[in-house]
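Taking it in order: structure first as structure tokens, then the write-up.
As the structure lists them, so they are numbered: ligands from 1, and atoms in each ligand from 1. Residues take their numbers from the sequence shown, with the count starting at 1.
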Amino acid sequence: MQLLWDLGFRSPQKEKRVLQGIHAVIGYCQDFEEQRDRLPYEIDGMVIRVNDFSLQDRMGMTTHHPRWAIAFKFKARQATSILRKVEFQVGRTGSVTPVGKIDPVPISGATISSLSLFNEEFVREKDLKIGDMVLVERAGDVIPYIVKPLTELRTGKEKEIHFPTHCPICNDKLVKPEEEAVWRCVNINCPAQVVERIIHFASKDAMDIRTFGDANTRKFFDLGFLKDIPGIYHLPFDKIRELEGFGEKSVTNLQTAIEASKQQPLHRLIFALGIRYVGETTAKILAASVDHLFEFRDYSLEKLQGLEDVGPKVAGSVYQFFHNPDNLHMLEKLASLGLILQSNRSSHPQGGNLNGQTFLFTGTLTRLKRAEAEELVEKNGGSLLTGVSSKLNYLVVGEDAGSKLEKAKKITSIKILTEEEFLSLTNI
Ligand SMILES: [Zn+2]
């Protein structure tokens with residue numbers, strides 16, 4: 001920290017104290033919290049560390065964090081504002097979420113004007129009304145929410161919040177399964193859900209189509225360029241080029257990223273489909289269970305439940321998905337567009353599952369030694385490159401990765417993996 005400070009970086013060199021005993025530590029944290037408003041920067045807490053390597057060794061680690069370093073979070077920041085109206089947003093699974101619009105109010109460095117009211121129960125429990133003065137807090141100084149209405153300030157002009165009985169987007173009747181807290185639009189063609197599904201499909205943890213973000217998806221959908229997930233693969237680029245803010249370069253990048261996403265492994269595609277209750281882990285289990293995605297058409301509920309970690313809820317949802325003709329039709333389209341529906345255990349029957357792929361490692365790996373990781377690539381049929389170029393398929397990033405990562409981020413066809421992702425790719 002001294003070195004960083006001397007070199008001119010911002011570092012907490014001046015605030016740092018070495019203290020004897022926990023009482024002195026507590027006192028110093030409290031002093032700081034009291035001064036918080038007079039400081040020339042935003043601060044939401046302090047970090048306490050044991051500054052003795054041998055003691056650090058003795059204290060060791062939990063699975064998540066070292067026992068010798070911990071954050072002391074200051075009390076959440078609060079402010080008051082007026083709840084002006086409530087809008088209802090339809091999510092990817094049709095869930096209808098009430099969103100409160102308040103007069104903009106600054107809380108720890110951000111201006112809050114919109115916040116989730118979660119569900120009907122939350123609104124009823126808090127007894128919220130439109131026109132209420134409300135106490136707003138940023139929990140953990142990140143997600144803002146309403147702590148309570150200040151009912152003592154009511155004038156009698158406040159209005160009840162009415163929950164819609166029909167979808168605000170497609171006007172279908174909403175339903176609320178007994179065991180759930182949210183109302184849902186169950187029309188799978190509801191435009192709001194279709195857009196959210198496309199956004200999820202392209203997102204980083206799913207098909208990872210870079211530059212194809214939230215805003216672009218909504219824009220293309222509103223302009224009629226995009227109606228469904230397969231539509232991503234035949235966007236009218238001639239028309240997109242004419243849109244404001246789309247230079248030749250950004251269109252080319254988008255095209256490259258979309259094309260590259262066709263090579264994503266099956267588990268990413270399964271996750272990207274947004275089947276309810278199927279997260280990344282379940283998607284990997286499903287992908288590893290079949291040679292081709294269409295095998296799930298013939299899976300019974302019992303057979304699905306026989307898979308590792310798949311309970312009745314997940315099994316029911318997967319079963320339903322693969323028995324819906326619209327979904328199967330969509331998958332056929334995706335297959336004909338060149339997306340991979342085979343699991344990599346069948347596409348590379350001989351050799352390893354990294355056949356023909358190129359790899360480069362950067363940063364410090366934590367589970368494997370560099371040499372072991374490289375050996376693993378070669379043993380599985382992949383090959384190693386020495387530098388970042390367009391010939392590279394995968395950059396595996398360990399801790400403290402530097403310039404190679406920066407360089408790789410600029411080449412959209414390179415897939416960037418964590419060590420964990422690399423290990424799951426090699427099926428260890
Ligand atoms: Zn709807």
query: Do you know how many protein N, O or S atoms are within a distance smaller than 2.8 Å of the Zn ion (ligand 1)?
result: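 Under the 2.8 Å cut-off, the count stands at 4.
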Not counting sequence neighbours, which residues clear salt bridge (Lys or Arg N to Asp or Glu O under 4.0 Å) with [X]? List them please.
X      : value
Asp222 : none
Arg84  : Asp103
Arg49  : none

Lys239 and Glu242 ion-paired at < 4.0 Å: no
query: Counting N and O atoms only, with roles assigned by atom type, does the side chain of Thr358 sit under 3.5 Å from a partner on the main chain of Lys391, one being a donor and the other an acceptor?
result: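 Pair found, side chain donor or acceptor close to backbone of Lys391.
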query: Heavy-atom distance under 4.5 Å between the side chains of Lys415 and Asp208, does that happen here?
result: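 No - every pair of side-chain heavy atoms lies 4.5 Å or more apart.
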